[in-house]
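Working notes, structure below.
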2 protein chains.
Amino acid sequence: MTTRKENSTNNHNEMYWKSNCGLSVTLAMIGGRWKINILTYLLNYPKLRYSELKEKLIGISERVLSAKLKELENDALIEKIEYEGFPPKVEYILTEKGKSLKEILDLMDRWGDQVIEKQDE
Amino acid sequence: MTTRKENSTNNHNEMYWKSNCGLSVTLAMIGGRWKINILTYLLNYPKLRYSELKEKLIGISERVLSAKLKELENDALIEKIEYEGFPPKVEYILTEKGKSLKEILDLMDRWGDQVIEKQDE
DNA sequence: CGGAATCCACAACGATACTG
DNA sequence: CAGTATCGTTGTGGATTCCG
C-alpha cells in the first residue's frame, strides 16, 4: 500500500507557508530544481513530447520528469495531450496560466544575469 | 572530520543548472522554504535582530535560521551588523542587491494572489 | 543574546528495470 | 514511446544541547 502522494502539487506545500501568501504559492509552483526549466522550454517551444523534454533536461531521471510534469499539470500550468494509436504519443503545452508566468521568469532571468555579470568585475 | 559545508551559498548550486542560467541563479538564491520570507521581512523592516526574525518566522529552527542567514549573507543579499558590548546584539539589513529583488518578489506575490483568487471561483 | 555542534527524520533525487 | 515500480543515496529541515 504505502500510500505515497508524489503528486498533489508540491509535496512541501501542504500547509507550508502562512505569511507572504501569494509569494509562497508562486514559489511552491515553480520552485525546485526542474520546474522552471520545463516551463522555460515550453515557453520557447509550442509543444514538446515527453522524450523531447527528457532529451533537453540533461540529467533528469524519468521518475522525476514524470513527477514534475504531473505536478505542473495538477497546478494547471501545463496541459497533456495524448494521441491515440501506436506508437504512443504525448505532447505537453503551456496553459494560459502557465504562459502568464513569462513575465516573472523573464525578470528572474535578467536579475540573475546581472548578478553573474557583476561577479566577474 | 566530516567536512561538512553547510554554507557556501546554497548546497545545491555547485554546478547545478546549466541552461536558463540567470533564472537558475536567481532561484538558487531565493528558493527554498524560508529565504523569501526572510527577505520579505527585511523589505518591510529596515533592520531586524536575530531574535526578531526567529519570532516572525514561525516554526523555523535556529539551525536553519542561522544557515539561511549565512547563505543570504554569502550571496550578498543581506548584511550582518554586530554590535560590541553585552548582551550581544546583531542586526540584519538588506544590501542594495537584496533590495533589488523587490520587483521580482512583488510580481511573484501578485501572481500567486491571482491564482488563489481564481481558485475560489 | 546569538549562535554552533550534534543527532535524527524524512523528502527529493538518481539509476535501473519493467510495462501498456 | 511514455511512462511506473523499486531501491538506494543525498539534501534539507527540526529538536536539543552547549558555548562565547
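Just so you know, these numbers use all the heavy atoms, side chains as well, and skip hydrogens, waters and symmetry mates. To find a chain, count down the sequence lines: A is the first, B the second, and so on, and within it residues start at 1.
The side chain of A:Ser51 places an N or O atom within less than 4.0 Å of a non-bridging phosphate oxygen (OP1 or OP2) of D:dA2. Taking side-chain N and O atoms only, B:Lys68 has no distance below 4.0 Å to OP1 or OP2 of D:dT12. Between B:Ser61 and D:dG13 there is no side-chain N or O to OP1 or OP2 distance below 4.0 Å. Within the structure, every side-chain polar atom (N or O) of A:Lys54 is placed at least 4.0 Å from both OP1 and OP2 of D:dG3.
Atom CD of A:Glu52 sits in a crowded spot, with more than 12 heavy atoms from other residues, nucleotides or ligands closer than 6.0 Å.
In this structure, B:Tyr83 reaches neither bases nor backbone, as no heavy-atom distance under 4.0 Å exists between it and the strands shown.
In this structure the side chain of B:Leu48 reaches within 4.5 angstrom of the side chain of B:Lys56, judged on heavy atoms. Inter-residue side-chain proximity for B:Asp109 and B:Asp113 is flagged as met; some heavy-atom pair is nearer than 4.5 Å. Considering only heavy atoms from C-beta on, B:Leu65 comes within 4.5 Å of B:Ile38 through its side chain.
One atom, CD of A:Glu91, and another, P of D:dA2, lie 9 Å apart when rounded to the nearest Å. Nucleotide C:dG3 holds its P atom 8 Å from the CG atom of B:Leu65, rounded to whole Å. To the nearest angstrom, C1' of C:dG2 lies 14 Å from CD1 of B:Ile60. In this structure, CD of B:Glu82 is placed 14 Å from C1' of C:dA4, rounded to the nearest angstrom. In this structure, CZ of A:Arg33 is placed 14 Å from C1' of D:dT9, rounded to the nearest angstrom. If you measure from atom CD1 of B:Ile58 to atom P of D:dA15, you get 14 Å, rounded to the nearest angstrom. When the C1' atom of D:dA2 is taken as reference, atom NZ of A:Lys56 falls 17 Å away, rounded to whole Å. The nearest whole Å value for the distance from the CG atom in A:Leu27 to the P atom in D:dT12 is 14 Å.
With B:Met29 as the fixed residue, the side-chain contact (heavy atoms from CB on, under 4.5 Å) test singles out one of B:Leu77, B:Leu72, B:Leu101: B:Leu77.
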Would you list the protein and nucleotides 4-6 of chain D atom pairs, both N or O, that sit under 3.5 Å from each other?
| from | atom 1 | to | atom 2 | distance (Å) |
| --- | --- | --- | --- | --- |
| D:dT4 | OP1 | A:Lys70 | NZ | 2.9 |
| D:dT4 | O4 | A:Glu62 | OE1 | 3.3 |
| D:dT6 | O4 | A:Arg63 | NE | 3.2 |

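A:Thr95 contributes no side-chain N or O that, together with a main-chain N or O of A:Glu79, makes up a donor-acceptor pair within less than 3.5 Å.
Judged purely by distance below 3.5 Å, without hydrogens or angles, the side chains of B:Glu91 and B:Tyr83 pair a donor atom with an acceptor atom.
Each of A:Pro88 and A:Gly59 was matched to the nucleotide of DNA chain C holding its nearest heavy atom; the match closer to the 5' end belongs to A:Gly59.
Side-chain atoms of A:Lys89 lie closest to D:dA2 of the nucleotides D:dG13, C:dG3, D:dA2.
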